[in-house]
2 protein chains.
Amino acid sequence: MDDTENGAGKPRGPKPKIATMEELSSAIGVSRPTLSRYFQDPSSVRSSTVARIREGLDRVEYVPNFFATRMNRKSTGMIGVIIPYLNDLFFTRLLESIEIAAMEAGFTVITQCSHSDPAIEARAAETFMSMSVDGALVAPLGNQSDFEIHERLNARLPFVLFDSRPSTMPGVDFVGTDHTQSTGNIVEYLCRVGDPPVFLAMPRVNFNAVEREVAYVAKMEELGHDPLIVGTEAVRPDWHFEPHGFAILDHFFSRGQFADRSILCVNDRVAIGALQAAATHGLDPGRARRGGLRIAGHDDYPLCPHTIPALTTVAQDVEAIGRAAVARLVKKIRAENKPDDQLVTLFDGVLKVRESA
Amino acid sequence: MDDTENGAGKPRGPKPKIATMEELSSAIGVSRPTLSRYFQDPSSVRSSTVARIREGLDRVEYVPNFFATRMNRKSTGMIGVIIPYLNDLFFTRLLESIEIAAMEAGFTVITQCSHSDPAIEARAAETFMSMSVDGALVAPLGNQSDFEIHERLNARLPFVLFDSRPSTMPGVDFVGTDHTQSTGNIVEYLCRVGDPPVFLAMPRVNFNAVEREVAYVAKMEELGHDPLIVGTEAVRPDWHFEPHGFAILDHFFSRGQFADRSILCVNDRVAIGALQAAATHGLDPGRARRGGLRIAGHDDYPLCPHTIPALTTVAQDVEAIGRAAVARLVKKIRAENKPDDQLVTLFDGVLKVRESA
DNA sequence: AGGTGCGATTTACGCACGTAAAAGTAATGC
DNA sequence: GCATTACTTTTACGTGCGTAAATCGCACCT
């Protein structure tokens, strides 16, 4: 009562902190159940009461307890996202589009990163189950993932895989790129504009890597060319793609090989290493379209327009994948026990012709 | 009782799902409080009972309800992390080191990304408060952040800023790079090995950008050179750094300027754009150390070793920053109401001399 | 004035678990 | 064989809020 500042003016100091709805109710003279209803749907409360509540909330610092609110609701309003690796702009873009789509759908996303470790991936899945997220979006690690964990998630809650699809989990919703189309697309382009490409692969840490290899071979044979794949046997099967691309091509260039070939890299990060190897050997990929060295990638990594020379590649439609994955998951969340029509959504890759090929 | 498979063998099908500890207790014949104690500290339960519980848990599918457990504990075991932007490998590396350090300290981290939007940043802070995380680690957006939200967080729970420090929040713990040292370091190097550098800046979206500008000017004057800053007036103050670097230098190169200068870019992504501009104009940065074009950056972006030419830069000690930020936060969490000795922890940048300068 | 109907309040219970106190049981020592 | 000790179980209450049912207050209408 001795606070002389509590007129109509804005309160100066920190507002009084209120911990529970109970206190809030006695602080602004509205019953607790009414407050509860107000927070869930202000329109279910008489407008004069809404005004009183708003005014009261303005005078104090109160944040509802998330745990307590969600424990009694059927839905937590959260979706869990697992990605395998953070230090890759491809995944960050994917994650960004997922977060935005989820936000628009009214969900809070909890992201966990596997950091290339199946144990961490498993822990993340447990966290999601124990927090009873409404659904989970998972980009698996690769063939080292612990699929039992994915199965448990899938059995327990709405579940959609994205980006990379394990052959060991049929019958699960998936959203990703049609690598047969995308890789076929750029192989066809390379063949049309110049010589048939060599495929610079990577260690098969990833199902997509294999899918692209297979797609490359198929398209080459369809066009009547002999496929040639290099780079599958690397020193270490990790995520250091650029050094891998560099090492493989440096090896060949040093022996005078491949200096006038077309080279299709399994992804853009490998291609960046490839460009570096070319520069090291004084080569200028893309200068002579036909008959000269050309280098192309896959994914449309954000840096592609700024490499030297700018990298020709196929873009994955990251935004569409993110949006579709969220849309599918939200649909499953709302449907609950509908007949399980599995849905595989694949997006086409679109060609980005730049300077390098 | 008609399940013929329940011998000693591994159960084949999906295990029976158990939702609550109550059911669990009656399923394996151990009282619920005992189970509760088991989950918190198995050593507080007799070993023969532990064995019975373990055996029982092996036969069913049970995950404790996170909300219910945390609601009654003083601590949630979670720390909230806010980063301003995802599509930047600098932040992903920082985040990675934070996640690992937090994991080692026994905390679960909840990451929220501001996506360059102060409103989203504010929402993330609210989420943290409502989930009563044990502490928050925040890398602010820049001068467009809503600092009132940060103040509220800081007043409510253990709070540490990292990476970027608003001048408007004195008295708050901070962990980051000593930009005076790091920028001074590379300015000194550039001057020693060649001509004094021009500073290619960026729109001041970020406090670090300003700090580096100031540090550049100071070091130049200390060495008796005239500072020259370009690029502060950009088309749009967003996170498209590479195009910015390209545009500014393309502008100058087109008029025959700067082609034989040393150019220090405010960060590596701007430098990547700068390298591209150089290549476009047939320039080869770093070839002639003294008297020729040189380009250097700041941060040691993961791609620096793979640019053409490889980029000379100063590395921020991302791992140390992440670890220190977590360590400081954990200390504040454990200390609670200790005397508030503010702590500003700054790490030195270390020179990475490569080819471009 | 009395009846009607809507919104608000009161009351009471539930969620899944933590936790403290009291009472029970088993293992150990002499 | 009995007391001591250690662990368990039982019982009961608390956490902050959702939610349903019953009660209450108020403006409106005839």
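Small disclaimer: the values here were computed from a predicted structure and weren't measured. Residue numbers begin at 1 in each chain, while the letters A, B, ... track the order of the sequences. Note that these values count all heavy atoms, side chains included, but never hydrogens, waters or copies made by symmetry.
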Does the side chain of H115(B) come under 3.5 Å of the side chain of E121(B) through a donor N or O and an acceptor N or O? no

In sequence, state the C-alpha distance, the side-chain angles, and the governing distance for I79(B) and I110(B), and then conclude on side-chain contact (heavy atoms from CB on, under 4.5 Å). CA-CA 6 Å; I79(B) 70 182; I110(B) 302 293; over 6 Å; no

Under a criterion of less than 4.0 angstrom to any heavy atom of chain B, what are the 5'-terminal and 3'-terminal contacting nucleotides of DNA chain C? dA16(C) to dT19(C)

Where does the chain B footprint on DNA chain D start and end, counting 5' to 3' with a 4.0 Å heavy-atom cut-off? dC7(D) to dT15(D)

Is there a donor in the side chain of Y38(B) and an acceptor in the side chain of R54(B), or the other way round, less than 3.5 Å apart? yes

Classify the nucleic acid contact of P64(A) as base, sugar-phosphate or nothing, counting any heavy atom under 4.0 Å across all strands shown. sugar-phosphate

Remember a base hit wins even if backbone is also touched, and classify R37(B) as base, sugar-phosphate or nothing at under 4.0 Å, heavy atoms. base

Given side-chain contact (heavy atoms from CB on, under 4.5 Å), test T92(A) with I83(A) step by step and report yes or no. CA-CA 9 Å; T92(A) 61; I83(A) 62 173; over 6 Å; no

For the helix from dA1(C)-dT30(D) to dC30(C)-dG1(D), measure the angle between the helix axis at one end and the axis at the other, each built from five pairs, rounding to 10°. 30°

Does E23(B) CD have over 12 foreign heavy atoms under 6.0 Å away? yes

Check the pair F128(A), R156(A) against side-chain contact (heavy atoms from CB on, under 4.5 Å), reporting the backbone distance first and the verdict last. CA-CA 10 Å; F128(A) 288 165; R156(A) 236 171 181 281; over 6 Å; no

Please classify the nucleic acid contact of M71(B) as base, sugar-phosphate, or nothing, using heavy-atom distances under 4.0 Å. base

Using a 4.0 Å heavy-atom cut-off across all strands, classify T69(B) as base, sugar-phosphate, or nothing. sugar-phosphate

Which heavy-atom pair separates G135(A) from I333(A) by the least distance, and what is that distance? N-CD1, 4.1 Å

From the options V160(A), I98(A), V81(A), select the one residue that forms a side-chain contact (heavy atoms from CB on, under 4.5 Å) with V326(A). I98(A)

Would S130(A) and T127(A) count as having a side-chain donor-acceptor pair, cut-off 3.5 Å? no

Between F67(B) and F66(A), how do the two ring planes meet: parallel, tilted or perpendicular, split at 30° and 60°? perpendicular

Just call it for T20(B): base, sugar-phosphate, or nothing, with non-hydrogen atoms closer than 4.0 Å on any strand. sugar-phosphate

Less than 3.5 Å apart, any donor N or O on the side chain of S36(B) or Q40(B) sitting next to an acceptor on the other? yes

Just call it for R70(A): base, sugar-phosphate, or nothing, with non-hydrogen atoms closer than 4.0 Å on any strand. nothing

